[in-house]
Structures are given as C-alpha cells and as structure tokens.
Undergrad: 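What follows is a single structure, and I will ask about it in a moment.
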Amino acid sequence: MKKLINAIDDVVKEQLEGMAAAHPELRINYDPKYVVRADAPVKGKVALVSGGGSGHEPMHGGFVGVGMLDGACPGEVFTSPTPDQMYECAKAVDGGAGVLFLVKNYTGDVLNFETATELAHGDGIQVQSILVDDDAAVKDSLYTAGRRGVGTTVLIEKIVGAAAEDGYNLQQCADLARKVNQYGRSFGMALTSCTVPAAGKPTFDLGDDEFEFGIGIHGEPGRERYKMKTADEITEMVALAIIDDGAYTRTVREWDNDKGEWFEKTLTDDPFQAGDEVIAFVNSMGGTPVSELYAVYRKLAQVCEAKGLKIVRNLVGPYITSLEMQGFSITLLKADDEILKYWDAPVKTPGLRWGA
Amino acid sequence: MKKLINAIDDVVKEQLEGMAAAHPELRINYDPKYVVRADAPVKGKVALVSGGGSGHEPMHGGFVGVGMLDGACPGEVFTSPTPDQMYECAKAVDGGAGVLFLVKNYTGDVLNFETATELAHGDGIQVQSILVDDDAAVKDSLYTAGRRGVGTTVLIEKIVGAAAEDGYNLQQCADLARKVNQYGRSFGMALTSCTVPAAGKPTFDLGDDEFEFGIGIHGEPGRERYKMKTADEITEMVALAIIDDGAYTRTVREWDNDKGEWFEKTLTDDPFQAGDEVIAFVNSMGGTPVSELYAVYRKLAQVCEAKGLKIVRNLVGPYITSLEMQGFSITLLKADDEILKYWDAPVKTPGLRWGA
Amino acid sequence: MAITKAEIVTWLEKITAVIQENKDYLTQLDSPIGDADHGINMSRGFTKVLEKLPSVADTDIGTILKTTGMTLMSSVGGASGPLYGTFFMRAGTAMAAKQELSGDDLYTLLQSGVDGVVQRGRPQLQDKTMYDALLPAVLALRAALDNGSSIHAAVETAVAAAAKGRDDTIPLQARKGRASYLGERSIGHQDPGATSSHLILQALLDSLENQG
Amino acid sequence: MAITKAEIVTWLEKITAVIQENKDYLTQLDSPIGDADHGINMSRGFTKVLEKLPSVADTDIGTILKTTGMTLMSSVGGASGPLYGTFFMRAGTAMAAKQELSGDDLYTLLQSGVDGVVQRGRPQLQDKTMYDALLPAVLALRAALDNGSSIHAAVETAVAAAAKGRDDTIPLQARKGRASYLGERSIGHQDPGATSSHLILQALLDSLENQG
Ligand SMILES: Nc1ncnc2c1ncn2[C@@H]1O[C@H](COP(=O)(O)OP(=O)(O)O)[C@@H](O)[C@H]1O
Ligand SMILES: Nc1ncnc2c1ncn2[C@@H]1O[C@H](COP(=O)(O)OP(=O)(O)O)[C@@H](O)[C@H]1O
Ligand SMILES: [Mg+2]
Ligand SMILES: [Mg+2]
Ligand SMILES: [Mg+2]
Ligand SMILES: [Mg+2]
C-alpha cells in the first residue's frame with residue numbers, strides 16, 4: 001500500500017485538519033468529528049446534514065457551504081459515522097427551523113442515523129430523515145438491504161441545499177429530497193479495486209483484463225465481473241442498466257416528528273420515459289481522470305439521444321468516490337422546473353461551486 | 001492496460017467530442033484540433049491561447065472560458081500539438097487585440113509554438129509568447145532544456161485570463177504572465193507511473209515501496225527515487241525544495257512583434273522570502289484522491305508557517321495531471337495586489353469556476 | 001455459583017483480546033462479501049471499551065454493560081456498531097443494579113441484547129447475519145438451563161450453537177447488510193458478524209472460571 | 001549515376017517502413033529517458049507522409065521533400081516534429097525544381113536539413129540528440145565525396161558515421177530535450193532521436209538501388 005498518509009489511525013483526522021487549513025469558511029470539530037459551515041447555525045434556515053464513511057471525498061465534507069450542506073459527519077474510511085457525531089452536528093447547525101438528515105441507504109448509515117434521529121428528537125430538535133437509495137445495480141429490496149445510496153446523493157445535496165437557502169421549510173425540504181431521490185438512478189463500474197488504509201491491501205482482486213459491473217462506493221465487489229470491453233460498450237451497458245430499469249418499489253422508514261416515532265412508507269420509482277429531461281452526472285470513482293470521463297459522457301449522450309432522453313444539465317468529475325479506485329458511475333436524474341431552478345442556483349463549497 | 005477508451009488512435013478526438021457534448025459554451029474544431037470559447041473571437045479583448053500534449057486534463061481545454069483561456073490546442077497524449085493547430089486557433093480567437101501564447105517550457109511545445117508564432121505574425125496577427133518554466137526540480141538551465149512548465153501554468157492562465165477580461169492590452173498581458181511565471185515555483189512527486197494509451201504499458205516501473213521525486217507531468221521518471229516515506233516527510237521534502245530554492249537565471253526567447261523576430265531576454269527569479277504572501281496550490285497527478293491532497297495541504301501549511309510564508313489563497317485538486325498517475329505537485333506563487341485581484345476575479349470554465 | 005461482576009469485567013477484557021487476535025481474520029471475512037472492515041471496526045470499539053472499563057468496574061453489572069454499549073455505539077460505526085451497541089445497552093438495562101448474575105439472569109441479559117439487535121437491524125433467521133449465531137445460542141442456553149445444566153455447561157452449549165449458526169451462514173445467500181448486494185456471489189462465505197458473535201460468546205465461556 | 005526522383009520517393013517509403021518496424025523499439029528507447037512516444041510520433045508522421053506521397057510524386061524533388069516536411073510538421077508534434085519537419089522543409093527548399101540529384105546535391109540536401117535542425121533546436125554536439133547522428137553523417141558524406149567515393153559508397157560511410165554517432169550518445173548526459181531533466185540518470189541510454197536519424201539515413205542507402 002502506497003498512500004499519502006501518516007499513521008493509519010490518524011488518516012481521517014489529518015485529512016480534516018488539512019481541509020480546515022485550506023477552508024476557513026468551514027468549522028471542523030474533532031471529537032466527535034463533524035464539519036459545519038463557519039457561520040452555522042444559520043438562523044431560520046432548515047439545516048441539511050449528511051454523513052457517511054470517509055473515502056468518498058469531496059462528499060460529504062466538501063459539500064458543506066452556502067447552497068448545499070450545513071453539516072457533514074465523516075466516519076472512518078468506508079465505515080459509517082456514529083450517532084454521537086450526527087447528534088452533535090445537528091445541534092451545531094440547527095437554526096431553529098429543524099434539521100434534515102440525508103442518509104445513504106447502507107445498513108450502517110441507516111442504523112446510526114436512526115439512533116441519532118431519536119437522540120436529536122429527544123433534545124427538542126425538529127428532525128426529519130430522508131433515505132437515498134438510487135443504485136439500480138441492486139435489483140430487488142425484498143432479498144437485499146435495498147438499493148444503495150450513490151450518485152444521486154450529490155445531486156440531492158445540491159438541489160435541496162439551494163431550496164433550504166431559498167427558504168423551504170423542513171417538510172418542503174424533506175419532500176423535495178424524497179422526490180429527487182425517486183427521480184434519480186445510478187450505476188457504477190470499476191477497473192481497479194481500492195485499498196482501505198487500515199486494511200493495507202486492495203479490497204478485491206481484479207484481473208488485468210476484467211472489470212466489475214454494478215459496484216457500490218465502498219470498494220465492495222460488484223454484482224458481475226466481465227472481460228474488459230471498450231469505453232463505448234461499457235458505457236452503453238451502464239447507461240442501459242439505468243434507462244431500461246423498471247419500476248422500483250420498497251418500504252422506507254421516515255421519522256414522524258410530531259409523534260416522535262418511525263413510520264413506514266411504500267414508495268415506487270417510475271422508469272425513465274422517452275421525452276424526459278434529465279441531468280446527467282458522470283462520476284469518477286477517484287482514480288479515473290476526467291479525460292476518460294469525457295469518453296464516457298460522449299457515448300452516454302448518444303445513448304440518451306437514442307432513447308429519447310434530453311440531457312439538459314450535466315456534471316462530469318470526481319464527486320462521490322471510492323478512494324483511488326478507477327472506474328465511473330453514471331447518474332441520471334429526471335429534471336422538472338423545481339429541480340432545475342435549484343440545480344442552477346449558486347453553490348459555494350470546496351467540492352462544488354458556481355454562481356458564487 | 002485498462003482504460004475507458006475505444007480505438008487508441010481516437011482517444012483524444014473522442015474525449016474532445018465528449019467535452020463538446022457536455023459543454024456547449026465551448027466550440028471544438030477537429031482538423032486541426034483546438035478548443036475555443038463559443039463566443040470567440042471576443043472583439044477588442046486580448047486572446048489567450050495555450051496548448052500542449054493531452055493527458056493533463058482539465059488543462060488546457062478545460063480552462064477555456066470566460067476569465068481564462070480563449071483557446072487551447074491539445075496534442076496527442078503527452079505529445080505537444082503542432083503549429084497548424086496553434087495557428088488556426090490563433091486565427092479563430094483573435095479579436096483584433098492580439099493573441100498571447102502561453103507556452104510550457106518543453107522542447108516540443110517551444111519549437112512548435114515558435115513556428116506557430118512566425119506563421120501567425122506572417123498573417124498579420126499581433127502575437128506575443130511567454131514561456132512558463134517553474135519546475136524547481138530542474139536545477140540549472142545551462143546543462144538542461146531549462147525548467148519545465150508545470151503547476152504555475154494553471155495559475156497564469158487564471159490570472160492573466162482575468163486581466164485580459166478586464167481590458168489589459170497585449171503587452172500588459174505578456175508582462176503580467178511573465179511576472180506570475182517568475183513569482184511561481186513548483187515541484188512534483190509520483191507514487192505510481194501512468195500508461196500512455198498508444199504505448200500500452202506504464203512509462204516507468206516503480207517498486208511497491210518507492211516514490212519518484214522531482215517528476216514533470218509527462219509520466220517521465222523523476223530526478224531521484226526514494227523508499228516510501230510518510231505524507232508529512234514527503235510533503236516537507238517537496239515544500240522545502242520549493243521554498244529553499246535559490247535564485248534561478250536563464251535566457252528565454254520572446255517574440256518582437258514589431259520587428260517580427262525573436263529576441264533573447266535574461267530573467268532571474270528571486271527566492272521566496274519570509275514575509276511573502278503566497279497562493280498555495282496542491283495538485284493531484286490524476287489518480288490521487290482529494291482526501292490525500294488535504295493530508296499534504298495540512299503539512300504544507302505547517303511548513304509555510306514555519307518558514308514565514310503566509311498562505312493567502314489556495315487551490316487543492318486535480319488541475320494539471322498526468323493521466324491516472326498517483327502523486328501530487330505543490331506550486332507556491334508569490335502574490336501581490338495585482339495577482340490577488342485577478343485570482344479572485346470570476347472564472348467560468350469546465351475545470352475552474354467561481355464567482356460566475 | 002453466581003456469575004460475579006469480576007467475571008463480567010473479565011468477559012469484556014477477553015472479548016477485546018480475542019477480537020484483537022482475530023482482527024485480520026474478521027476483516028478478511030468481510031472482504032469477499034463486504035467492505036473489509038469488520039475486524040477493524042470491532043477492534044476500534046473494544047479497544048475503547050477496555051479504556052473505559054476501569055472507570056466503571058466498581059459500579060454494577062448493568063452500568064458496566066450499558067457503558068460498553070454506549071462506547072461501542074460511539075466508536076464502532078458501520079452496521080455492527082449500532083447493533084452491538086444496542087446489544088450491550090439493552091443487556092445493561094436489563095441487568096440494572098446487579099452485582100452478580102444467576103443463570104436466568106444471564107439468559108435475560110443475552111435475550112435482551114438479541115431483542116435489541118432485532119429491533120435495530122430487523123434481521124430474520126438465515127439472512128446471513130450475526131443473528132444467525134446469536135439466536136441459536138440464546139435458545140440453546142435456555143434449553144440447557146431448563147434441563148438443569150450448570151451455568152458453565154449451559155454456556156458451553158450456547159457457544160457450540162453459535163459456532164454451528166456461524167458455520168451455517170456459509171451456504172446462505174445474504175439478505176441483509178452489505179453482503180446482500182452480492183446476490184448469489186455471497187454464497188459460500190462465512191458471515192463476519194456471525195463470526196464475531198461467536199467469539200464474544202466464546203470469551204464469555206472463557207471468563208466463567210468460577211463456574212462448575 | 002544521378003539519384004532519381006523515384007529513388008527519393010523510395011527513400012520516403014522505406015523510411016515509413018523502417019519506422020513502422022522500429023516503432024516499439026524507438027518508443028522503448030524513449031521510456032527511460034523521455035516520455036515513451038518517439039516511435040509513436042514518428043510512425044504517425046510518416047504514415048501521413050506515405051498517404052500524401054502519391055499526390056506529389058509527379059512534381060519535383062524539392063516539392064516532394066517540402067511536402068514531407070510540412071506533413072511531419074503538422075502531424076508529429078513533440079520535439080521531433082518541428083525538427084524533422086524543418087529538416088525536410090529546408091532540404092526541399094534547397095532542392096527546389098530538381099528532378100535528379102548529384103552527389104553534391106545530396107550533400108546540400110542533407111546539410112540544409114541539418115542546418116534547419118540547428119536553427120530550430122540549437123543542439124550542440126554531445127547534447128545527446130539526433131544532431132549527434134546527423135552531423136557526423138553529413139561530414140562523412142562530404143569527406144567521402146571529396147575523396148572520390150561513389151554516391152552509394154559515400155552514403156554507406158555516412159550511415160556508418162550515423163550509427164557510430166548514435167552509439168556514442170549512450171554514455172552522454174543529455175543537455176537538450178526531455179532527457180536533460182534526468183541529469184545523470186540519462187547516462188547509459190541511447191538517444192531515440194539519434195536512433196531514428198540513423199534509420200532515416202539507412203533507408204536512404206537502401207533506396208539507392210541504381211547507384212554503383
Ligand atoms: N440488518 C442487520 N441485522 C443484523 N446484523 C446485520 C445487519 N446488517 C449487517 N449485519 C451484520 O453486520 C456485519 C458487518 O459489520 P461491519 O463490517 O462492521 O459493518 P459494515 O457492513 O457497515 O461495514 C455483517 O457481517 C452482519 O453480521
Ligand atoms: N533541442 C533539440 N535539438 C535537437 N534534437 C532534439 C532537441 N530536443 C530533443 N531532440 C530530439 O528529439 C528526440 C525526442 O523526440 P520525441 O520523443 O518525438 O519528442 P518529445 O521529447 O517531445 O516527446 C530526442 O531523442 C532528441 O534526439
Ligand atoms: Mg464498513
Ligand atoms: Mg512527447
Ligand atoms: Mg464491513
Ligand atoms: Mg518523447
């Protein structure tokens with residue numbers, strides 16, 4: 001393992017220290033670990049908090065700032081953060097209008113955020129929690145932990161962040177987040193594995209002529225393994241896995257802030273349809289250079305056109321990564337006026353910035 | 001070799017096609033290859049043109065846009081572009097106020113841009129040409145081709161691009177570019193090699209416990225090879241190689257636009273001094289994730305503080321890369337009011353964006 | 001003989017030791033069907049527990065277990081953090097104020113812990129999780145005690161049931177946690193959480209020095 | 001006998017072939033002391049030259065060489081592109097309107113090309129560049145012609161001098177081009193440009209079928 005790190009136990013802490021040094025517009029707490037806007041809490045604004053294992057940078061800490069997240073809780077590398085982080089972070093950002101937890105659907109994230117939700121509620125904080133589960137590589141929710149939260153997370157944080165900045169209340173933010181999640185689908189592939197510092201060796205072995213298809217973002221192996229193909233062939237496989245994906249139904253838990261209890265909600269995501277306008281997001285898993293992402297985008301644009309999807313916005317780059325893994329993911333998000341309005345709104349974070 | 005490419009001969013062309021699809025604000029010409037602002041030529045504005053081998057994305061094509069470059073000429077991967085590209089690009093962007101070529105000091109880039117300068121001049125275009133030679137890993141200019149153009153290139157393109165937008169004339173743009181180049185120094189290291197698609201295998205072999213010190217940006221081996229060290233140790237070595245670097249004198253060629261001939265100019269860059277304000281740029285060579293860059297930035301900030309350098313702005317990310325190479329470079333740029341003013345000015349390009 | 005507070009403290013120390021010994025093994029098990037961190041997570045958590053132990057060793061068993069649970073909750077992360085955290089917090093709540101435990105107490109302790117795991121993670125049998133080791137163990141303990149076994153013998157039976165439950169996860173296709181994403185590729189691998197659960201019960205057995 | 005236009009065309013065809021054969025070899029030479037693309041660059045350029053050849057084969061030798069130079073200039077890139085481009089453009093200018101070449105013409109052709117390389121790249125002897133193969137070759141050709149050698153024999157001498165110049169680059173520390181950045185690490189490696197220059201002259205020799 002060759003990495004730009006010092007002691008393995010200090011990896012996340014020292015990366016946060018570097019981030020703090022580079023970004024005085026952020027405030028970083030180390031025990032427990034969380035990142036918030038330096039001007040937090042913003043009075044009267046709904047506060048957005050996300051979090052998850054480290055190793056996906058710039059997500060989530062790099063998305064803290066005006067027009068996006070108020071707080072982020074980084075766990076150890078690829079390990080979900082703990083409830084005390086989320087709870088302390090929620091207290092630090094709550095400006096009186098409540099806190100929305102954006103939770104990627106991994107068992108660890110879900111269980112820890114559930115505990116944190118209960119703690120924050122106990123403290124009198126208005127809190128809601130929306131699950132991101134957009135990974136079309138996971139087919140069913142009956143025999144699995146359900147679709148993982150992947151690329152759409154970035155788009156939700158941007159869009160709902162702008163809406164919160166624009167004055168949406170907690171319920172409106174939660175409704176928008178749920179909608180964006182239901183409108184977005186992702187699919188990822190890997191050319192190489194990646195190495196968790198504490199593990200010291202790659203999570204999986206992949207032949208020099210193979211790729212993994214349908215990976216998540218934690219260096220876990222995918223659903224299938226194929227012999228290497230061209231960029232066009234791979235992109236088409238990934239794009240069609242998203243575009244041709246059928247309706248997806250599952251039951252999620254949301255928090256009833258009035259009753260102080262969880263309730264279940266059954267949601268169905270509709271498939272894409274010819275004529276849909278979409279935001280297309282081509283993401284690097286970390287080690288793939290942006291030049292290769294453009295080769296992917298080229299083919300994606302062709303496939304979308306053939307399928308009657310109209311790409312109206314795009315994002316190309318490393319935004320939700322798996323350490324140094326080579327590979328990419330595609331996210332397509334059906335766009336309506338509300339979504340486009342808040343996508344275009346200014347954002348000023350270390351990881352995503354425009355209009356400000 | 002596993003890469004997201006189709007036919008090897010089409011790599012650059014198809015990546016440009018993807019870029020064009022993703023960025024309607026750019027116009028891309030394929031024969032010869034160049035990238036220009038869709039609104040080029042901008043009447044009355046000095047036009048900035050750079051170029052070089054591909055494989056350094058987002059540089060240069062990703063830096064075309066408002067407040068930065070007017071045009072960029074991509075060569076084959078790691079191979080400098082040809083004079084006809086530069087000449088045609090210059091014609092496409094000249095808005096009557098002249099064209100400034102920003103040329104990284106590599107023999108190939110220099111010789112091709114020299115030819116292009118002569119061609120453009122022959123065509124009646126006002127043209128000047130400034131060399132970027134900031135790589136402190138190259139010690140002397142007597143026994144080498146002189147310092148390579150590396151990280152400072154990005155900062156020059158940003159700063160002079162903003163000045164051109166603000167109405168600087170050709171001579172003022174050239175003078176500012178020369179100053180920024182003289183104020184900036186860089187140094188790079190690599191943890192892994194990278195693979196040029198046409199070559200099919202890594203440019204050099206590096207042991208699992210070694211790193212290259214003093215690399216350029218073309219996957220070439222560095223000046224020395226060391227056993228692996230911690231992030232802090234490596235960062236300190238790189239930072240001190242820049243900060244403790246002495247005065248650097250060399251003779252460069254610039255174009256006399258009135259006489260239509262080259263003239264020589266001897267330039268001396270002064271060392272950094274305690275009390276200097278600097279812009280600190282920590283760059284990924286492509287395959288190193290931003291999280292590790294923050295570990296580097298953390299130590300860099302400490303070293304700068306100990307040396308009395310005050311970091312007043314920073315940039316952390318993959319901006320001038322070597323394909324999928326893992327490693328980083330540091331650039332320090334002494335900052336004065338003029339430089340800071342144009343650093344802070346809005347920029348809107350695929351690769352660098354703020355305030356717009 | 002009743003289980004003493006000292007034995008409970010020894011239990012937690014022995015868990016820490018055995019997790020430390022098996023850190024790489026647990027992480028390796030988490031590689032093919034997970035994200036290669038289970039040993040790292042558990043080791044981080046129990047190292048913290050060991051640090052905290054001296055400050056609560058003089059209180060009661062309930063407090064010791066609750067502190068263990070809260071420590072795991074705020075240091076392990078991942079899926080196993082809230083699950084084992086809840087396990088020990090619930091176990092602690094059930095043992096509030098106790099200075100020693102009867103066989104029935106021990107059953108209640110473990111049963112309460114497993115109830116906590118079920119409420120948080122909602123595993124079902126054969127989902128290929130820690131529950132597949134934990135539930136058979138608790139049931140075996142109950143049955144043995146009902147049959148008049150000594151505490152030591154009953155725990156021995158429970159550990160054997162946990163080992164069997166752990167081994168039985170191998171042919172299963174995972175339906176919970178990360179491993180479930182692999183579909184059929186999860187078949188043929190032993191569940192890391194079931195493995196750590198067995199180790200935790202084995203450590204319990206090893207701590208019952210005074211039990212006949 | 002004079003060198004015919006057909007022989008010049010054959011020369012350019014043979015260069016293309018020999019560069020193609022040695023593409024990987026030239027690229028390999030460019031790996032330890034460069035950026036591993038010299039063979040790729042040269043192959044791309046001469047493939048284009050071969051495409052262009054039919055359209056100018058009926059003109060004069062000057063035009064053929066100038067077209068070759070312009071084609072290399074706009075397709076090779078890198079350091080070698082403008083250098084070989086200038087080489088052939090200058091050679092072409094010097095051979096304007098000629099349909100056949102004497103021994104002295106051939107000398108002037110090569111000398112003009114080398115002058116172009118010097119003006120563009122400003123190499124000095126022992127900088128470890130193509131110039132270390134080219135200059136000795138041209139000097140050897142001049143001396144041989146002065147001593148009354150046939151054109152074929154004189155070119156043979158020139159090729160031998162180029163081969164020696166190429167080999168002599170091995171112990172040199174580079175002072176021009178990318179290899180110069182390596183300092184002492186450039187010692188012990190053969191210069192790719194000197195190697196391709198030798199191949200170009202070897203191809204010339206192989207084309208002079210009619211020369212005694
Ligand atoms: N819903 C669940 N209920 C019970 N146990 C679970 C559940 N999900 C996962 N587990 C257990 O957690 C273990 C993985 O723990 P760990 O690797 O530490 O967390 P993560 O999966 O977040 O990386 C699995 O082996 C499994 O036994
Ligand atoms: N200034 C120079 N003068 C003459 N020849 C040079 C000069 N610089 C480089 N060369 C030649 O160019 C060769 C490298 O060509 P090539 O690999 O195609 O270009 P690049 O170095 O741009 O990748 C070197 O081996 C050397 O012979
Ligand atoms: Mg984990
Ligand atoms: Mg090159
Ligand atoms: Mg795990
Ligand atoms: Mg080369």
Side-chain angles (χ1 to χ4, degrees), chain A residues 1-7 11 14-23 54-55 57-58 62 191-192 208-211 228 230-232 234-235 280 282 286-302 311 314 316 318 321 323-324 326 328 348 350-351 353-356, chain B residues 1-7 11 14-23 54-55 57-58 62 191-192 208-211 228 230-232 234-235 280 282 286-302 311 314 316 318 321 323-324 326 328 348 350-351 353-356:
Chain A
M1 175 179 60
K2 279 198 292 189
K3 283 177 183 285
L4 297 164
I5 59 175
N6 296 307
V11 166
E14 294 190 348
Q15 290 174 350
L16 289 174
E17 285 172 358
M19 198 179 189
H23 298 289
S54 292
E57 289 69 24
L191 292 174
T192 62
D208 265 356
D209 57 344
E210 296 176 324
F211 69 93
M228 195 57 197
T230 65
D232 278 358
I234 296 173
T235 303
V282 176
T288 285
V290 69
S291 50
E292 293 183 29
L293 297 185
Y294 279 125
V296 171
Y297 188 85
R298 172 183 169 276
K299 182 66 188 178
L300 174 62
Q302 293 170 0
I311 301 179
N314 66 73
V316 180
T321 61
L323 297 171
E324 73 283 2
Q326 290 181 26
F328 71 92
K348 186 176 176 182
R353 187 167 173 187
W354 57 71
Chain B
M1 174 180 61
K2 280 197 292 191
K3 283 178 184 285
L4 297 164
I5 59 176
N6 295 308
V11 167
E14 295 190 345
Q15 290 174 351
L16 289 174
E17 286 172 356
M19 200 179 185
H23 298 289
S54 292
E57 290 68 26
L191 291 174
T192 62
D208 265 355
D209 58 345
E210 295 177 323
F211 69 94
M228 195 57 196
T230 64
D232 279 357
I234 295 172
T235 303
V282 176
T288 284
V290 70
S291 51
E292 293 184 29
L293 297 184
Y294 279 125
V296 170
Y297 188 85
R298 172 183 170 276
K299 182 66 186 179
L300 173 63
Q302 293 170 1
I311 302 179
N314 67 74
V316 179
T321 60
L323 297 171
E324 73 283 1
Q326 290 182 25
F328 72 92
K348 187 175 175 181
R353 185 166 175 189
W354 56 71

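Protein chains get the first letters and strands the later ones, always in sequence-line order, with residue 1 at the start of each.
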Undergrad: Given a strict heavy-atom distance threshold of 4.5 Å, which part of Leu191(B) is in contact with chain A: side chain, backbone, both, or neither?
TA: both
Undergrad: Would you mind telling me which of Asp208(B), Leu16(B), Thr288(B), Thr321(B) has the largest number of heavy-atom pairs within less than 4.5 Å of chain A?
TA: Asp208(B)
Undergrad: Taking every heavy-atom pair that is under 4.5 Å apart, which of Pro289(A), Ala231(A), Pro350(A), Ala301(A) has the most such pairs with chain B?
TA: Ala231(A)
Undergrad: Determine, stepwise, if the pair His23(B) / Tyr294(A) fulfils side chain to side chain donor-acceptor pair (under 3.5 Å).
TA: CA-CA 10 Å; His23(B) 298 289; Tyr294(A) 279 125; 2.8 Å; yes
Undergrad: Using 0.5 Å steps for rounding, measure from the CZ atom of Arg298(A) to the CE atom of Met19(B).
TA: 15.0 Å
Undergrad: Let's test your reading of the structure: which of Gly286(B), Gly355(B), Ala295(B) forms the most heavy-atom pairs below 4.5 Å with chain A?
TA: Gly355(B)
Undergrad: Taking atom NZ as the centre, does Lys2(A) end up with more than 12 heavy-atom neighbours from other residues, nucleotides or ligands that are less than 6.0 angstrom away?
TA: yes
Undergrad: Between chain B and each of Gly351(A), Gly18(A), Ala7(A), count heavy-atom pairs under 4.5 Å; write down the option with the most.
TA: Gly18(A)
Undergrad: Check each atom of Gln326(B) against the heavy atoms of chain A and say whether the ones under 4.5 Å are side chain, backbone, both or neither.
TA: side chain
Undergrad: Under 4.5 Å from any heavy atom of chain A, what part of Met228(B) do you find: side chain, backbone, both or neither?
TA: side chain
Undergrad: Go through Lys299(B), Glu210(B), Gln302(B) and name the one with the most non-hydrogen pairs under 4.5 angstrom from chain A.
TA: Glu210(B)
Undergrad: Can you name the nearest heavy-atom pair linking Glu324(B) to Gly287(A), along with the distance?
TA: CB-O, 3.7 Å
Undergrad: When you measure from the side chain of Glu57(B) to the backbone N and O of Val290(A), does any donor-acceptor pair fall under 3.5 Å?
TA: no
Undergrad: With respect to chain B, which residue among Val282(A), Thr230(A), Leu4(A) yields the maximal number of heavy-atom pairs within a distance under 4.5 Å?
TA: Leu4(A)
Undergrad: Between Ala356(B) and chain A, which part of the residue has a heavy atom less than 4.5 Å away: side chain, backbone, both or neither?
TA: backbone
Undergrad: State whether the side chain of Asn6(A) and the backbone N or O of Asp232(B) hold a donor-acceptor pair below 3.5 Å, judged by distance alone.
TA: yes
Undergrad: Determine, stepwise, if the pair Gln15(B) / Glu292(A) fulfils side-chain contact (heavy atoms from CB on, under 4.5 Å).
TA: CA-CA 7 Å; Gln15(B) 290 174 351; Glu292(A) 293 183 29; 4.3 Å; yes
Undergrad: Relative to chain A, which segment of Ser291(B) carries a heavy atom at a distance below 4.5 Å: side chain, backbone, both, or neither?
TA: both
Undergrad: Closest approach of Asn314(B) and Ala22(A), non-hydrogen atoms and distance?
TA: ND2-O, 2.7 Å
